[in-house]
Asks: 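Pasting a structure below so you can have a look.
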Number of protein chains: 2
Amino acid sequence: MAQITLKDIAKALNLSPSTVSRAMRDHPAISKKTRKIVKDYAEAHKYKPNRLALQLRTNKNNTIGVIVPEIVHYFFSTVLDGIQQETESEGYNLLISHSNEDYEREVKCVETLLDARVCGILVSQSKTTVKYDHFQEILDNNVHLLFFDRICTGINTDKVVVDDYAGAFTAVEYLIESGCRNIAFLGSVPSMPISNNRRMGYEDALRKHKIAIDKKLIEVCDTVELAKKVIPEMLKLDPVPDAFFCINDEVAAYCIQIAKSLGFMVPEEVSVCGFTNSYITEVTYPRLTSVDQYGVEMGKVAARLLINRIEGREKKEGVVSRVIKTELVVKESTKPVQSIAQRY
Amino acid sequence: MAQITLKDIAKALNLSPSTVSRAMRDHPAISKKTRKIVKDYAEAHKYKPNRLALQLRTNKNNTIGVIVPEIVHYFFSTVLDGIQQETESEGYNLLISHSNEDYEREVKCVETLLDARVCGILVSQSKTTVKYDHFQEILDNNVHLLFFDRICTGINTDKVVVDDYAGAFTAVEYLIESGCRNIAFLGSVPSMPISNNRRMGYEDALRKHKIAIDKKLIEVCDTVELAKKVIPEMLKLDPVPDAFFCINDEVAAYCIQIAKSLGFMVPEEVSVCGFTNSYITEVTYPRLTSVDQYGVEMGKVAARLLINRIEGREKKEGVVSRVIKTELVVKESTKPVQSIAQRY
DNA sequence: GTGAAAGCGCTAACAT
DNA sequence: ATGTTAGCGCTTTCAC
């Protein structure tokens with residue numbers, strides 16, 4: 001009942017374990033006949049090589065770890081999907097863990113993964129992380145490390161990010177060209193590069209169109225809870241914002257709900273734009289305009305790069321940064337723009 | 001730079017590997033002094049026991065595998081979240097894979113997990129799976145197997161399911177009590193127990209209230225694509241359905257969109273009820289009434305049961321079935337019911 | 001209280 | 001073309 005081993009086969013066939021080992025792996029020195037006998041026997045008895053033994057020998061296990069802030073999260077799910085497709089086709093196993101946006105848990109995740117002796121780790125940093133010792137420890141253990149999306153600027157290693165700046169710039173410019181002038185920016189904490197980069201894109205779009213930047217229109221608002229507090233407040237401002245550029249689709253979806261419940265017409269009076277282009281954008285009313293982040297693609301690129309590093313296939317010596325392009329997907333929560341709709 | 005081993009410590013301290021091993025694990029035969037020396041040295045040099053070696057020795061790796069049909073899926077994400085919480089706190093690693101609702105891929109997932117020599121597997125079956133040899137193979141390999149949600153009726157093993165029947169019955173009865181009489185059932189393929197059980201609940205609720213069951217109101221419609229085809233057709237029926245009880249929130253959300261776009265008022269003319277109570281229910285307009293499935297709880301229960309099996313802690317000999325209760329969460333896509341709103 | 005030796009399943013260097 | 005031996009890192013008899 002228990003799994004059969006190489007030794008068992010050797011004994012049964014009156015061969016040595018090494019011969020069996022070689023036969024199984026088509027070593028040229030083994031005769032065709034022996035090879036066939038061994039393989040037939042192995043197949044008949046459902047022999048499976050013991051990965052653990054292999055791994056112990058090579059002191060290398062073909063497992064990659066991932067740390068995401070959340071699992072119940074559209075964008076990260078898509079990235080995980082991409083990572084899985086890539087790791088699977090390359091024969092790697094995937095250990096997935098999530099920090100729940102908590103620094104302490106993130107540290108624990110790192111420890112668990114190092115403990116499991118993964119050969120590489122993909123990380124999207126938690127919102128609350130401000131110390132990087134645990135990431136440094138990964139490198140100290142000679143384990144490959146790559147950040148994606150929520151990168152850590154304090155550690156010099158490979159990164160894959162979305163083109164947050166361009167995504168924001170394009171979206172905000174679209175809002176401007178559709179006639180909006182008081183565009184609010186609902187972002188995340190300033191320590192997050194993705195938020196800062198989008199804010200730069202937002203500000204530069206305003207500048208390009210000679211619109212003054214109004215601090216009152218810039219707020220941290222990256223969760224549903226914050227949305228319920230921040231958005232009603234902003235809608236009391238004078239002049240009232242005529243557009244909201246949101247850090248994610250959830251906040252944007254709530255923004256639509258809140259604006260409508262306060263009597264504003266969307267998009268006629270208030271335009272709303274999200275970020276991610278999750279399926280939520282199809283079921284809001286009106287359907288949500290959003291910036292697609294191509295999560296699956298990001299996951300694939302990140303995993304491929306990490307695997308290349310692990311296998312020593314990446315030629316570039318220094319740190320590599322890859323950027324995934326974004327795309328503004330115009331739906332119904334923003335006003336139309338004449339004639340340039342296809343520019344994006 | 002490379003990880004330090006027991007042997008290294010032994011050599012450095014002029015001890016034997018076995019003494020070091022014992023000292024590290026507080027073996028009583030080792031003197032306090034030696035223990036301290038060893039532990040201090042280990043700490044100072046960041047010794048980490050090599051899991052792979054441990055696993056090879058015990059021929060047991062503390063890894064659990066999961067197969068879900070999809071990762072980018074609210075309900076399964078919540079289940080994974082629950083599974084992870086539980087496995088992590090019990091010191092198990094988690095290997096997550098997804099079948100993408102494809103039988104072939106599911107078979108491959110099983111092979112990969114068996115290959116990785118996991119000690120237990122949690123499965124939610126793909127929609128297209130009709131042969132069960134790969135599941136049987138798990139058992140043949142003496143690996144523990146547990147189905148959750150999308151159970152496989154062809155294999156006799158532990159299961160954790162949602163109370164689909166009661167969830168459907170309660171929801172449909174609510175629709176009836178709110179005044180609906182032509183209630184459509186948008187389900188999944190008949191081979192799926194979750195769909196059949198809900199249909200039983202649906203039919204029994206109708207029967208209880210002496211409403212005839214109309215086959216024209218029962219359709220397979222479990223994806224967005226199908227929703228776009230099926231729902232407009234049904235809304236052309238005479239009499240037109242005054243309610244839709246949907247197999248998941250996505251179909252329900254599209255149902256709202258479609259009904260509204262065809263000029264029906266929701267919920268006044270057409271009520272819509274989903275299943276899962278994902279965050280999507282908060283951003284549809286009107287907000288979606290849905291049956292909460294408590295995915296995190298399901299994940300925790302499933303993982304705990306499996307771990308109990310693995311560790312021989314589960315006293316019950318035969319197959320165990322656990323049922324997670326559901327809860328109807330009334331929002332705005334259904335009409336109000338007087339005085340009994342709190343019954344649920 | 002500590003050490004020597006064997007072995008988990010596999011492979012690779014070194015025989016023959 | 002095949003066998004012997006040693007060793008990956010660890011634990012666990014069995015000795016002393």
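As the structure is a prediction and not an experimental result, all values here were calculated from the model. All values below come from the heavy atoms of this structure, side chains included, with hydrogens, waters and symmetry mates left out.
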Asks: Between the protein and nucleotides 12-16 of chain C, which nitrogen or oxygen pairs are less than 3.5 angstrom apart?
Replies:
unit_1, atom_1, unit_2, atom_2, d
C/dA13, N6, A/Arg22, NH1, 3.3

Asks: Could you tell me the separation between the NZ atom of B/Lys7 and the C1' atom of C/dA5, rounded to a whole number of Å?
Replies: 13 Å
Asks: Check every strand shown and say whether B/Thr34 touches a base, only sugar-phosphate, or nothing at a heavy-atom separation below 4.0 Å.
Replies: sugar-phosphate
Asks: For B/Lys60, look at atom NZ and say whether over 12 heavy atoms of other residues, nucleotides or ligands are found less than 6.0 Å away.
Replies: yes
Asks: Between atom CG in A/Asn61 and atom P in C/dC10, what is the gap in whole Å?
Replies: 17 Å
Asks: How would you list, by chain and number, every residue that makes a side-chain contact (heavy atoms from CB on, under 4.5 Å) with A/Arg22, sequence neighbours excluded?
Replies: A/Ser18, A/His27, A/Ile30
Asks: Judged by atom type as modelled, is there a donor-acceptor pair below 3.5 Å linking the side chain of A/Thr63 to the main-chain atoms of A/Asn93?
Replies: no
Asks: Before accepting this row, confirm whether a basic side-chain N of the pair B/Asp158/B/Lys316 lies closer than 4.0 Å to the acidic partner's carboxylate O.
Replies: no
Asks: In degrees rounded to 10°, what angle is found between the helical axes fit to the five outermost pairs at each end of the helix from C/dG1-D/dC16 to C/dT16-D/dA1?
Replies: 50°
Asks: Taking side-chain contact (heavy atoms from CB on, under 4.5 Å) as the test, write out the residues that go with A/Glu70, two or more places apart.
Replies: A/His73, A/Glu101
Asks: Toward the 5' end of DNA chain C, which comes first, A/Leu56 or B/His27, by nearest nucleotide?
Replies: B/His27
Asks: Nearest-Å distance, CG (B/Leu6) to C1' (C/dA5)?
Replies: 16 Å
Asks: Does CD in A/Glu311 sit with more than 12 non-hydrogen atoms of other residues, nucleotides or ligands closer than 6.0 Å?
Replies: yes
Asks: B/Arg117 has an atom CZ; how far is it from atom C1' of C/dC10, in whole Å?
Replies: 11 Å
Asks: For residues B/Val320 and B/Arg309, determine if any side-chain heavy atom of one lies less than 4.5 Å from a side-chain heavy atom of the other.
Replies: yes
Asks: Considering only heavy atoms of chain B and a distance under 4.0 Å, specify the first and last nucleotide of DNA chain D in 5' to 3' order that meet this criterion.
Replies: D/dC8 to D/dT13
Asks: If the threshold is 4.0 Å, N to carboxylate O, is there a salt bridge linking A/Lys48 and B/Glu137?
Replies: yes
Asks: Base, sugar-phosphate alone, or nothing: which one does B/Leu52 contact when heavy atoms must sit under 4.0 Å apart?
Replies: nothing
Asks: Can any side-chain N or O of A/Asn50 pair as donor or acceptor with the backbone N or O of B/Leu56 at less than 3.5 Å?
Replies: no
Asks: Is there a side-chain polar atom (N or O) of A/Thr5 under 4.0 Å from OP1 or OP2 of C/dG9?
Replies: no
Asks: Could you report the tightest heavy-atom contact between A/Thr87 and A/Ile307, atom names first, then the distance?
Replies: CA-CD1, 4.2 Å
Asks: Can you measure A/Ile4 atom CD1 to C/dC8 atom P for me and round it to whole angstrom units?
Replies: 15 Å
Asks: Considering only distance and modelled atom types, tabulate donor-acceptor pairs under 3.5 Å from the side chains of residues 293-303 of chain A, sequence neighbours left out.
Replies:
unit_1, atom_1, unit_2, atom_2, d
A/Gln293, OE1, A/Thr276, OG1, 2.8
A/Tyr294, OH, A/Glu327, OE1, 2.3
A/Lys300, NZ, A/Gln85, OE1, 3.4

Asks: With heavy atoms under 4.0 Å as the rule, sort A/Asp8 into base, sugar-phosphate or nothing.
Replies: nothing
Asks: Return the 5'-most residue of the pair B/Ile30, A/Tyr47 with respect to DNA chain C, ranking by each residue's nearest nucleotide.
Replies: B/Ile30
